[in-house]
There are 2 protein chains.
Amino acid sequence: MSDRKSRSSATGQVTLQDVALHLGISAITVSRALKTPQRVSETLRARIMSAVTELGYRPNHAARSLASARSDSVLVLVPSLSNEVFVDTLSGIHEVLIPRGYQALIGNTHYSPQEEEKQLGVFLGHNPDGILLTGLDHTPRVRQWLADCGVPVVYMMEIDDARDSRCVGLSQFDAGQVITRYLVGKGYRRIAYVAAQVDPRTLKRAEGYRAALREAGCYEAGREIWVPTPSSIGLGASLLDRLLKEQPDCDAVFCCNDDLAQGMLFQCQRRKVAVPGQLAICGFNDLAASAWTNPPITTIATPRYAIGREAAQMLLSAIDGDMPPAKLDLGFSLVERLSA
Amino acid sequence: MSDRKSRSSATGQVTLQDVALHLGISAITVSRALKTPQRVSETLRARIMSAVTELGYRPNHAARSLASARSDSVLVLVPSLSNEVFVDTLSGIHEVLIPRGYQALIGNTHYSPQEEEKQLGVFLGHNPDGILLTGLDHTPRVRQWLADCGVPVVYMMEIDDARDSRCVGLSQFDAGQVITRYLVGKGYRRIAYVAAQVDPRTLKRAEGYRAALREAGCYEAGREIWVPTPSSIGLGASLLDRLLKEQPDCDAVFCCNDDLAQGMLFQCQRRKVAVPGQLAICGFNDLAASAWTNPPITTIATPRYAIGREAAQMLLSAIDGDMPPAKLDLGFSLVERLSA
DNA sequence: CCAATGAATGGTAGCGCTAACATATGAAAA
DNA sequence: TTTTCATATGTTAGCGCTACCATTCATTGG
């Protein structure tokens, strides 16, 4: 063994045993020094720590997970990674998880419950200590697995009042209603709703939109445009063309998200349609760019960063103690800008 | 045991042993039926598969990883998740990894080599079968760990001709040079370079910019603005103000990325600065929005999706066989639009 | 002075799975 | 027939770690 670092393990990595042998103590003491330092005398602990550094010991996650039946990892399933909304949510989640020693396993479901089911199947094999899911709509099998596996779950983005579950989010219905009421309050009457990437949340925003228009007595069934393709600025631009052709009399449009709103605005600029003069535009989510376009876009700011943080917090409480299920409504705010 | 599903395991989960017992065969055969189906007779395989489904068996990843010394997971470290560039790269990576049964462990280094070192330390404990890193600049300890651990690594985004390593990317220098030459070719002479979130790649683009200006005989040292804060559209807007104040005579600006370029463009619109009439603007990366602004933004399109795909491909080859180290230059392309 | 107590450390077993080797079985070759 | 050989399945022994219980030893109250 002329190796700079002594390695007893079959796989060539430095093990707890190596550290223990090096110090003439037992492996379990080294394990304790790392996991529960207060249970090892201070002097020995110091020696252990320096040996750990010297030998370059790094805990083997698989072995730890197998022996202790916990993995210090949390599964996070989001519908998209190209949507700023979920990236921000992930940041909030990380901010809480990382300092507590947890690791996030990120899965992208591409807005598909089937894909979500598939991912959950794979990731459950990793024995996550907790699970963070987006939204409330899941396949029966997913619900079954979640019920069976006994791992705490927190649902993000929406609030569910019916079930005995934990969730952190906001009322998508209310948000859709508030911004539509705002448009009504500004005097607009022929208000369209444009949605892409149909998901449960855009459906709920649409319900809020309809409710607001009905209460104002100006609801018309034909004023909605739905496309199933993923949302994007380019799609917003082409949907503006479609809107102007199909509903030339419309005076305002509520886009289900800011991407579409930005695309619509850019296309209005191109076609010399005055915003908000000829057409008022509202978005949803308050993405970073929406404050800087010309005019800046009126939208609903959603607290996605806080949602991530609070959801992670709630999940850790559920993992640690026996915090009972709770709902946390973080609300939203109307951001009045110049596009409406 | 009146449990609907029989569970022998101490942890309550359905194990290979459960499936084996259920069929009156040995665990290893079940293991084989799942990992190397061709080594189990067709009839038995079918029985095993249906028992697996019936009992709801799900492989335990930790146990598999511990026993086989492989984890079927690949570590991916990117500097940011809020940057479209790396999200696209991740998509490319996933597209290759997932069908091959690998799982990506994603770490966000926030553009910090120290954070990268910390993350690598944690993730190495997960025994990744391969590692994908962004860029070529890493701390000495990271380089040491990578050399020691024997896990194949592929570097993404840049091309390194010196070392005996695998990398997939493009020449950031050349790209910076090409777009600057383009501006020079268009007749611009007082060209500024604006960079935020200083990283090795923006530095190399700057070198390309300088080389192009020197060869055209119009290089001036004071025409660069560097800020260390993260790049954003809002920052681009405020840097436009700074540029106009500090270099009122400048006739074109090359932004180190499209976010800044978009912010600058929006601020130009606000301040009624004609683009490209009074000021030409170029970006870098060709983000989705850049094609839709008014005017659309001239930029360098980077093949980040392909980079992710090819890097993952190269990594898997390295894991499987003994593919020798190779460099893959995927190039870039100048996207001429109306902002310059 | 001795038992009782608590703090510090060790021994043992096993988490769920698979590598490596061992064995059984039947078909083809000698 | 016997040997060979490939195919199908089983046995054994760990992977590196921690839960659980046992042991040691100093301290303290009776």
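Letters A, B, ... mirror the listed sequences (proteins, then strands); counts begin at 1. Side chains are part of it too, since the values below use all heavy atoms of this structure and drop only hydrogens, waters and symmetry mates.
Side-chain proximity of Ile28(A) to dG16(C), dT18(D), dT9(D): nearest is dT18(D). Side chain of Arg39(A), nearest nucleotide from dC17(D), dT9(C), dC17(C): dT9(C). When distances are taken from the side chain of Arg32(B) to each of dG11(C), dT18(D), dG10(D), the shortest belongs to dG10(D). The side chain of Ala63(A) has dG16(D) as its nearest neighbour among dA20(C), dG16(D), dT18(C). Distance from the side chain of Val40(B) is smallest for dT9(D) among the nucleotides dT9(D), dC17(D), dC20(D). Listed nucleotides: dT18(C), dG10(D), dG16(C). Nearest to the side chain of Leu66(B): dG16(C). The side chain of Thr29(B) lies closest to dG10(D), out of dG10(D), dG16(D), dT9(C). When the nucleotides dT11(D), dC15(D), dT18(D) are ranked by their closest atom to the side chain of Ala67(B), dC15(D) comes out on top. With dG16(C), dG16(D), dT9(C) as the candidates, the nucleotide lying closest to the side chain of Gln13(A) is dG16(D).
Between dT9(C) and Ser41(A), a contact under 4.0 Å exists linking OP1 or OP2 to a side-chain N or O. OP1 or OP2 of dG10(D) lies within a sub-4.0 Å distance of a side-chain N or O belonging to Ser26(B).
For the 3.5 Å distance criterion, the side chains of Glu117(B) and Thr139(B) qualify, holding a donor opposite an acceptor. Residues Tyr155(B) and Asp137(B) have side chains that never bring a donor and an acceptor to within less than 3.5 angstrom of each other.
Here the P atom of nucleotide dG16(C) and the NE2 atom of His61(A) are 16 Å apart, to the nearest Å. In this structure, Arg64(A) atom CZ and dC15(D) atom C1' are separated by 16 Å, rounded to whole Å. The distance between atom CG of Leu34(A) and atom P of dG16(D), rounded to the nearest whole Å, is 16 Å. Between Lys35(A) atom NZ and dA8(C) atom P the separation is 20 Å, expressed in whole Å. Atom CD of Gln17(A) and atom P of dC17(D) are 9 Å apart (whole Å). In this structure, CD of Glu42(B) is placed 10 Å from P of dA8(D), rounded to the nearest angstrom. The interatomic distance linking Asn60(A) (CG) with dG16(D) (C1') rounds to 6 Å, in whole Å. The CD1-C1' distance, from Ile25(B) to dA24(C), rounds to 16 Å in whole Å.
Other residues, nucleotides and ligands contribute only 12 or fewer heavy atoms inside 6.0 Å of the CZ atom of Arg141(A). Surrounding NZ of Lys118(B) are at most 12 heavy atoms belonging to other residues, nucleotides or ligands under 6.0 Å away.
Residue-to-nucleotide proximity on DNA chain D shows that, of Arg70(A) and Ala27(B), the 5′-proximal contact is made by Ala27(B). Nearer the 5' end of DNA chain D, as judged by each residue's closest nucleotide, is the contact made by Ser68(B), out of Ser68(B) and Ser31(A). For the pair Leu16(B) and Gly24(A), both in contact range of DNA chain C, the more 5′-proximal nearest nucleotide belongs to Gly24(A).
With hydrogens and angles disregarded, a donor-acceptor distance shorter than 3.5 Å links the side chain of Gln119(B) to the backbone of Asn108(B). Of the possible donor and acceptor atoms, none in the side chain of Thr36(A) sits under 3.5 Å from a partner among the backbone N and O of Gln38(A).
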